[in-house]
Undergrad: 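Shown below is the structure under consideration.
This structure is a prediction, so every number in the text was calculated from the model and none was measured.
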Amino acid sequence: MEKRYSEYTVEELRSEVAGLKEKAQKAEQMGNVNEYAVYERKMQMALAYLLNPEDFQPGEEYQLEGDPGQTFVIDYLNGVFAWGYRKNLLGQKYEKQEALPISVLGKKQ
């Protein structure tokens with residue numbers, strides 16, 4: 001039976017991230033775009049469990065890693081997920097609320 005990332009130790013999470021990074025690099029070299037995307041998402045999830053959710057505050061706006069044209073405003077946190085809205089460069093807020101792992105949130109705006 002597979003363990004959840006929430007049950008991993010810090011060492012196990014770091015090992016998992018390293019293994020996923022290696023698999024993602026191989027998939028990218030082979031041109032397997034979909035496989036690469038799956039490993040990247042898994043890696044983001046594992047990295048989220050290495051962060052402290054208390055370091056992220058509702059009401060704050062964060063840059064999105066890998067998407068310099070958008071920011072994310074947190075409404076609330078649920079575990080390692082930040083729920084909120086994306087904003088574009090013009091400051092327009094998207095209507096759809098979504099959840100993102102805290103590992104994809106960068107510097108505060």
Side-chain angles (χ1 to χ4, degrees):
M1 186 166 190
E2 233 177 283
K3 285 191 340 184
R4 296 175 181 214
Y5 284 147
S6 61
E7 298 170 338
Y8 280 40
T9 65
V10 171
E11 294 80 21
E12 288 173 324
L13 284 167
R14 288 187 180 137
S15 176
E16 177 76 1
V17 168
L20 290 169
K21 189 173 192 173
E22 187 177 312
K23 288 178 182 180
Q25 288 172 340
K26 286 180 184 177
E28 186 177 36
Q29 289 171 354
M30 299 295 288
N32 297 331
V33 179
N34 292 337
E35 187 177 342
Y36 172 80
V38 168
Y39 290 131
E40 279 292 311
R41 285 200 180 112
K42 283 185 173 186
M43 197 166 35
Q44 289 169 350
M45 285 302 305
L47 286 169
Y49 283 95
L50 288 169
L51 299 174
N52 183 358
E54 292 178 10
D55 293 339
F56 299 86
Q57 301 302 315
E60 295 289 336
E61 187 171 340
Y62 295 86
Q63 292 178 353
L64 284 174
E65 298 290 333
D67 196 351
Q70 294 190 5
T71 58
F72 190 80
V73 180
I74 298 176
D75 283 338
Y76 66 95
L77 291 150
N78 186 356
V80 296
F81 284 94
W83 285 83
Y85 297 88
R86 290 179 189 245
K87 285 174 71 176
N88 64 19
L89 285 174
L90 302 173
Q92 296 169 320
K93 195 165 134 178
Y94 292 83
E95 295 298 318
K96 184 179 160 203
Q97 186 181 44
E98 63 181 309
L100 297 175
I102 58 176
S103 58
V104 301
L105 302 178
K107 293 181 183 176
K108 286 185 190 180
Q109 284 297 93

Undergrad: Please report the C-alpha distance between Glu98 and Phe72 in whole Å, then the side-chain angles of each, then the deciding distance to 0.1 Å, and finally whether the side-chain contact (heavy atoms from CB on, under 4.5 Å) criterion is met.
TA: CA-CA 10 Å; Glu98 63 181 309; Phe72 190 80; 3.9 Å; yes

Undergrad: Do you know which two heavy atoms are closest between Arg86 and Asp67, and how far apart they sit?
TA: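 That would be NH1-OD2, 3.6 Å.
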
Undergrad: Looking at Ile102 and Ala48, what are the two nearest heavy atoms and their distance?
TA: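 Distance-wise, the nearest heavy atoms are CD1-O, 3.9 Å.
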
Undergrad: For the atom pair CD (Glu12) and OH (Tyr49), what is the distance rounded to the nearest 0.5 Å?
TA: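 If we round to the nearest 0.5 Å, Glu12:CD and Tyr49:OH are 14.0 Å apart.
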
Undergrad: Check whether Tyr36 and Val38 end up in the same hydrophobic cluster, where Ile, Leu, Val, Met, Phe, Trp and Tyr are linked by side-chain heavy atoms less than 4.5 Å apart.
TA: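 As far as the 4.5 Å side-chain criterion goes, Val38 and Tyr36 are not connected within one cluster.
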
Undergrad: Could you go step by step and tell me if Lys87 and Thr71 meet the side-chain contact (heavy atoms from CB on, under 4.5 Å) rule?
TA: CA-CA 5 Å; Lys87 285 174 71 176; Thr71 58; 3.4 Å; yes

Undergrad: Taking atom CD of Glu65 and atom CG of Leu47, what is their separation to the nearest 0.5 Å?
TA: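 Reported value, rounded in 0.5 Å steps: 10.5 Å.
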
Undergrad: May I ask you to check whether Phe56 and Tyr62 place their ring centres under 6.0 Å from each other?
TA: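 For Tyr62 and Phe56, the ring centres are under 6.0 Å apart.
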
Undergrad: How close do Pro58 and Leu77 get, counting heavy atoms only, and between which atoms?
TA: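 Minimum heavy-atom contact is CD-CD1, 4.4 Å.
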
Undergrad: Identify the two heavy atoms, one from Asp75 and one from Gln97, that lie closest to each other, and give their separation to 0.1 Å.
TA: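 Looks like OD2-NE2, 3.1 Å.
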
Undergrad: Can you tell me how far the CE atom of Met30 sits from the CD atom of Glu35, to the nearest 0.5 Å?
TA: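 One gets 9.0 Å once the value is rounded to the nearest 0.5 Å.
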
Undergrad: Membership question, hydrophobic clusters at under 4.5 Å side-chain separation (ILVMFWY): are Phe81 and Leu64 in the same one?
TA: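 Result: yes, single cluster for both.
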
Undergrad: For the residue pair Leu105 and Ala82, what are the closest heavy atoms and their distance?
TA: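 Heavy atoms only, the tightest pair is CD1-CB, 3.9 Å.
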
Undergrad: Should Met43 and Val10 be regarded as members of a common hydrophobic cluster, given that ILVMFWY residues are connected when their side-chain heavy atoms come within less than 4.5 Å of each other, either directly or indirectly?
TA: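 They do share one cluster, since a chain of ILVMFWY contacts under 4.5 Å joins Met43 to Val10.
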
Undergrad: For Gln44 and Leu100, what are the C-alpha separation, side-chain angles and deciding distance, and is it a side-chain contact (heavy atoms from CB on, under 4.5 Å)?
TA: CA-CA 10 Å; Gln44 289 169 350; Leu100 297 175; over 6 Å; no

Undergrad: What ring pair (Phe, Tyr, Trp, His ring centres under 6.0 Å) pairs are there with at least one residue in residues 13-35, not counting sequence neighbours?
TA: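 Non-adjacent pairs meeting ring pair (Phe, Tyr, Trp, His ring centres under 6.0 Å): zero.
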
Undergrad: Please walk me through it: do Tyr39 and Gln25 pass side-chain contact (heavy atoms from CB on, under 4.5 Å)?
TA: CA-CA 9 Å; Tyr39 290 131; Gln25 288 172 340; over 6 Å; no

Undergrad: To the nearest 0.5 Å, how far apart are NZ in Lys42 and CD in Glu16?
TA: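 One gets 7.5 Å once the value is rounded to the nearest 0.5 Å.
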
Undergrad: Take a 6.0 Å sphere around CG of Asp55 and say whether it holds more than 12 heavy atoms from other residues, nucleotides or ligands.
TA: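 Yes.
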
Undergrad: Considering non-hydrogen atoms only, spot the tightest contact between Tyr85 and Tyr94 and give its length.
TA: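 Closest pair (atom of Tyr85, atom of Tyr94, distance): CD2-O, 3.0 Å.
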
Undergrad: Are more than 12 heavy atoms, taken from residues, nucleotides or ligands other than Glu54, located less than 6.0 Å from that residue's CD atom?
TA: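 For Glu54, atom CD is not crowded (no more than 12 foreign heavy atoms under 6.0 Å).
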
Undergrad: Any link between Leu51 and Val17 through a network of hydrophobic side chains (Ile, Leu, Val, Met, Phe, Trp, Tyr) touching at under 4.5 Å?
TA: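 Hydrophobic grouping puts Leu51 with Val17.
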
Undergrad: How about Lys96: does its NZ atom have over 12 heavy atoms from other parts shown lying under 6.0 Å from it?
TA: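 Result for NZ/Lys96: open.
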
